[in-house]
Amino acid sequence: MKATPLLHAGPPVSRDRIISRFPKWYTPEAALQLKDHFLDHVKDACQPRSLGAVGLKMSKVVMVGDLCVGKTSLINRFCKDAFDRDYKATIGVDFEIERFEVAGVPFSLQIWDTAGQEKFKCIASAYYRGAEVIITVFNLADIQTLEHTVQWLEDALRENSLGPRVIFLVGTKKDLVSDAECERTEADAIHMANRMQAEYWSVSAKTGENVKDFFFRVAALAFEKSVLMELQKSSCHTTQIGTGNLIKMEGTSSEASKCQASRGCC
Ligand SMILES: Nc1nc2c(ncn2[C@@H]2O[C@H](COP(=O)(O)OP(=O)(O)OP(=O)(O)O)[C@@H](O)[C@H]2O)c(=O)[nH]1
Ligand SMILES: [Mg+2]
């Protein structure tokens, strides 16, 4: 199979959004995987002249959790490097698009911020559909909000019955709890994360602690999941990488039928 070189379209990604090394987990006790590098065939698929083919642009991320736990603040800290003490409840939903370069390939996260208030739940849940990443959020200083994450995740998964999701459980407002209190609550949260098959992170939007590392981890895991799903789907088709030019994949017909057969589709 021959590939034409990969050309990056669109303005360059800002330097502080370039993910070249695989970002580390927060705790090995609740991590989705413990590798410290991208899978080889994912790296191959991203080489400009590689035989691999990936067609990906962005992953949809949805952030859910009780009102006032700090969802909007977490997104604003990462996307705008801003923090507002005053609480402004999110009405319905809001979203940000954050552009990265992951393993040399342009990749974006479309981050949907949803309202925690009960009265906006029906509006927000309409936006759960199609999310590749679900981030359930609780407040480390309010253990009740941790219990509620189970229901939030169930609601989000109900709208996303197809395919595997990347799931995170995030404890916010780390600056408000003592180390001892944080340790106690994290123990419960890690237990919960394992039940949810989620990766656990503690962050503070106020101080910025772990915020960038967390979103880099989200981007890297979402990217790798996207590439793996694309590699499964496409073998001999024309595909597009990011917003770059088309990559022509001329496979043989037997490869095509092999691919179809392995996919178990019609
Ligand atoms: N000390 C501290 N306060 C925080 C932190 N994150 C958020 N807050 C405060 O918590 C309040 C609620 O934060 P939001 O980000 O609006 O909460 P939310 O989850 O988006 O709330 P809804 O939109 O109603 O669902 C605000 O007053 C924030 O300033 C944090 O990391 N530390
Ligand atoms: Mg909000």
Could you check whether atom OH of Y127 has more than 12 heavy atoms from other residues, nucleotides or ligands sitting under 6.0 Å from it? no
Ion pair check, R184 and D188, cut-off under 4.0 Å: no
For Y128 versus V64, what's the shortest heavy-atom pair and its separation? CE2-CG1, 3.6 Å
Heavy-atom closest pair, residues C79 and I111: SG-CD1, 4.2 Å
Mind checking whether F78 and F100 have parallel, tilted or perpendicular rings, split at 30° and 60°? parallel
Under a 4.0 Å N-O cut-off, is there an ion pair linking R165 with E132? no
Backbone N/O of M63 and side chain of T114: donor-acceptor pair under 3.5 Å: yes
Quick one: side chains of residues 26-34, donor-acceptor pairs under 3.5 Å with protein atoms, not counting sequence neighbours, listed by atom name and distance.
{"residue": "Y26", "atom": "OH", "partner": "E186", "partner atom": "OE2", "Å": "2.5"}
{"residue": "T27", "atom": "OG1", "partner": "E29", "partner atom": "N", "Å": "3.1"}
{"residue": "Q33", "atom": "OE1", "partner": "K35", "partner atom": "N", "Å": "3.2"}

Counting only heavy atoms from other residues, nucleotides and ligands, does the tally under 6.0 Å from CG of D179 exceed 12? no
Beyond-backbone contact of E98 with F215, side-chain heavy atoms, under 4.5 angstrom: no
Using the side-chain contact (heavy atoms from CB on, under 4.5 Å) definition, which of the options V102, I19, V218 pairs with F223? V102
For T149 versus F138, what's the shortest heavy-atom pair and its separation? CG2-CB, 3.8 Å
Give a yes or no on whether a salt bridge exists between R77 and D81, defined as a side-chain N under 4.0 angstrom from a carboxylate O. yes
Between W152 and D66, is there a side-chain donor-acceptor contact under 3.5 Å, judged purely by atom types and distance? yes
So, the side chain of T145 versus the backbone of D142: is there a donor-acceptor pair under 3.5 Å, distance only? yes
E199 with R217: basic N within carboxylate O range, under 4.0 Å: yes
